[in-house]
Protein chains: 2
Amino acid sequence: MTIDPTGATPPVGIASPASLAVSTVIFALRPDPVTSIMTLWLPLVRRIRQPHLGLWALPGGWLPEDEELGAAAGRTLRETTGLSPKYLEQLYTFGGIGRSPGTRVVSVVYWAMVESEEAARTAVGENVRWFPADHLPELAFDHNTIVEYAQWRLRTKVEYSRIAHAFLGETFTLAQLREVHEAVLRKPLDPANFRRMIEASKVVVATEERLAGAPHRPPRLYRYDSSIDLADQGPLGPAIIGSAL
Amino acid sequence: MTIDPTGATPPVGIASPASLAVSTVIFALRPDPVTSIMTLWLPLVRRIRQPHLGLWALPGGWLPEDEELGAAAGRTLRETTGLSPKYLEQLYTFGGIGRSPGTRVVSVVYWAMVESEEAARTAVGENVRWFPADHLPELAFDHNTIVEYAQWRLRTKVEYSRIAHAFLGETFTLAQLREVHEAVLRKPLDPANFRRMIEASKVVVATEERLAGAPHRPPRLYRYDSSIDLADQGPLGPAIIGSAL
DNA sequence: GCAAAAGTGTTAGCCGTACACCCATGC
DNA sequence: GCATGGGTGTACGGCTAACACTTTTGC
């Protein structure tokens with residue numbers, strides 16, 4: 001009986017049972033090329049090795065011995081896509097035996113959000129490209145499943161926590177914030193009720209500035225109130241917010 | 001640039017960056033020895049190796065190359081505690097660099113629930129013991145943090161999903177089901193409103209049997225309706241329910 | 001009959017939804 | 001001034017909390 005739970009000594013007599021990788025599902029809001037409506041997009045990288053050479057996959061890499069899990073997720077996505085996430089949180093660990101041909105690979109997967117402006121700045125090349133989240137090609141490994149799960153998590157979490165501002169810049173209008181919710185939840189929201197819901201949650205504070213230029217009444221700009229977070233994130237805390245990677 | 005996200009080939013030139021372990025937080029409901037009120041308990045195993053020799057820890061073990069993550073969690077907890085969980089779900093992956101002296105250990109942690117009767121049958125020995133969840137001793141590694149997080153997950157999940165029946169046997173009274181909710185949420189619930197809430201959710205079906213023996217009106221026995229599960233468990237599905245390990 | 005828990009009924013308040021309506025700006 | 005989105009007011013319906021009340025058993 002080998003009772004050595006989560007212990008420190010490596011498995012005696014067992015040589016490297018599985019390889020440990022870290023991957024990230026990154027979300028950003030970008031306008032649909034034809035309708036201009038904001039929808040969910042995510043960047044993928046083309047595989048330049050076997051297996052699944054040529055297929056699109058989530059950015060990621062192997063876990064170095066001296067790097068924290070979240071830090072490794074942030075680093076690999078910055079190295080491969082050039083993006084700096086505003087929010088990063090562990091999603092799930094995928095370790096199915098058959099998920100990768102050859103050696104067993106266990107992937108600790110994170111999910112992240114980047115601002116729309118940051119996403120627009122990204123270098124898009126032959127091996128990095130943005131895809132609309134609900135029209136993905138066939139991905140490498142089990143990455144289609146992973147993306148599905150990440151989208152589900154994003155949708156549920158937008159409703160009970162207030163993470164939507166991670167898609168936006170420092171200041172934003174309530175219409176922009178509503179646009180985020182609508183894109184994630186894939187349904188229109190009543191502007192009046194949305195305003196009251198956000199005001200009641202107290203997660204935003206009004207600034208004195210207004211956004212001019214449009215042929216309507218100029219909307220007020222708001223700022224996220226970092227001192228308040230109503231969502232009970234649990235004893236682990238809410239992962240990395242801001243560019244504190 | 002090593003782009004090989006979640007890939008198949010082991011890290012080239014990097015020898016076994018971290019050891020992979022699997023641990024489980026197991027919950028059961030047992031009566032408080034003095035007040036007889038049902039509260040949350042969990043079984044721990046005493047460490048019989050360094051580091052943290054002698055301290056109590058979560059049951060677990062190393063991940064074999066040919067075993068699924070959930071299966072390994074179920075097997076190790078059965079081997080160390082003799083318990084068969086009725087519900088098992090991945091909790092979180094802990095991989096902090098300093099969490100274990102010596103080699104880097106990444107632990108994929110699961111959480112589980114066992115029936116009260118099953119828990120009562122368990123062999124309790126020198127190296128396996130039940131502890132009340134809110135009066136734990138100092139545990140090995142970061143296991144205190146892990147248990148905290150698991151309790152938080154259990155509390156939140158009891159409210160939006162209907163997993164409380166995993167603590168109970170095949171049939172149960174609504175008072176017993178309410179007792180589960182009260183123990184997990186640590187607050188009393190109105191019997192009348194609880195009844196209506198459960199009936200509205202349609203997760204239980206009434207049987208014709210009643211529980212006699214007490215000096216009151218005998219309560220009706222209910223059964224869990226496996227065909228209905230209102231909680232949106234996401235694309236990954238709800239982990240293992242029943243003894244299908 | 002009496003105590004105690006099972007089970008039913010009723011009411012008040014809160015909250016999400018729907019929608020009518022006024023406000024302010026560019027053209 | 002007119003179209004359009006920003007912003008406010010209000011009323012309805014469903015859900016939950018609180019609690020009175022009836023039912024059914026063992027003693």
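In what follows, every chain begins at residue 1, and chains take the letters A, B, ... in the order their sequences are listed. On a predicted model such as this, the values are computed, not experimentally measured, just so you know.
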S.K.: Please identify the 5'-most and 3'-most nucleotides of DNA chain D with any atom under 4.0 angstrom from a heavy atom of chain B.
M.R.: D:dA17 to D:dG26
S.K.: If you measure from CD on A:Q176 to CG on A:L29, what distance do you get to the nearest 0.5 Å?
M.R.: 11.0 Å
S.K.: To the nearest 0.5 Å, what is the distance between CG on B:L139 and CH2 on B:W56?
M.R.: 10.5 Å
S.K.: Using salt bridge (Lys or Arg N to Asp or Glu O under 4.0 Å) as the criterion, list what pairs up with A:E118, not counting sequence neighbours.
M.R.: A:R121
S.K.: Tell me the salt bridge (charged side-chain N to carboxylate O under 4.0 Å, His left out) pairs involving residues 180-191 of chain B, sequence neighbours left out?
M.R.: B:R178-B:E182
S.K.: Tabulate atom names and distances for all N/O pairs under 3.5 angstrom spanning the protein and nucleotides 3-10 of chain C.
M.R.:
residue, atom, partner, partner atom, Å
C:dA6, N3, B:R217, NH1, 3.4
C:dG7, OP1, B:R220, N, 3.1
C:dG7, OP2, B:R195, NH2, 2.7
C:dG7, O5', B:R195, NH2, 3.0
C:dG9, N7, B:R196, NH1, 3.1
C:dG9, O6, B:R196, NH2, 2.8

S.K.: Taking salt bridge (Lys or Arg N to Asp or Glu O under 4.0 Å) as the test, write out the residues that go with A:E115, two or more places apart.
M.R.: A:K86
S.K.: Please identify each residue that fulfils salt bridge (Lys or Arg N to Asp or Glu O under 4.0 Å) with A:E209, with sequence neighbours left out.
M.R.: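 Salt bridge (Lys or Arg N to Asp or Glu O under 4.0 Å) check on A:E209 returns nothing, list empty.
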S.K.: Distance from B:L91 atom CG to B:W111 atom CH2, nearest 0.5 Å?
M.R.: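 Result: 8.0 Å between the selected atoms.
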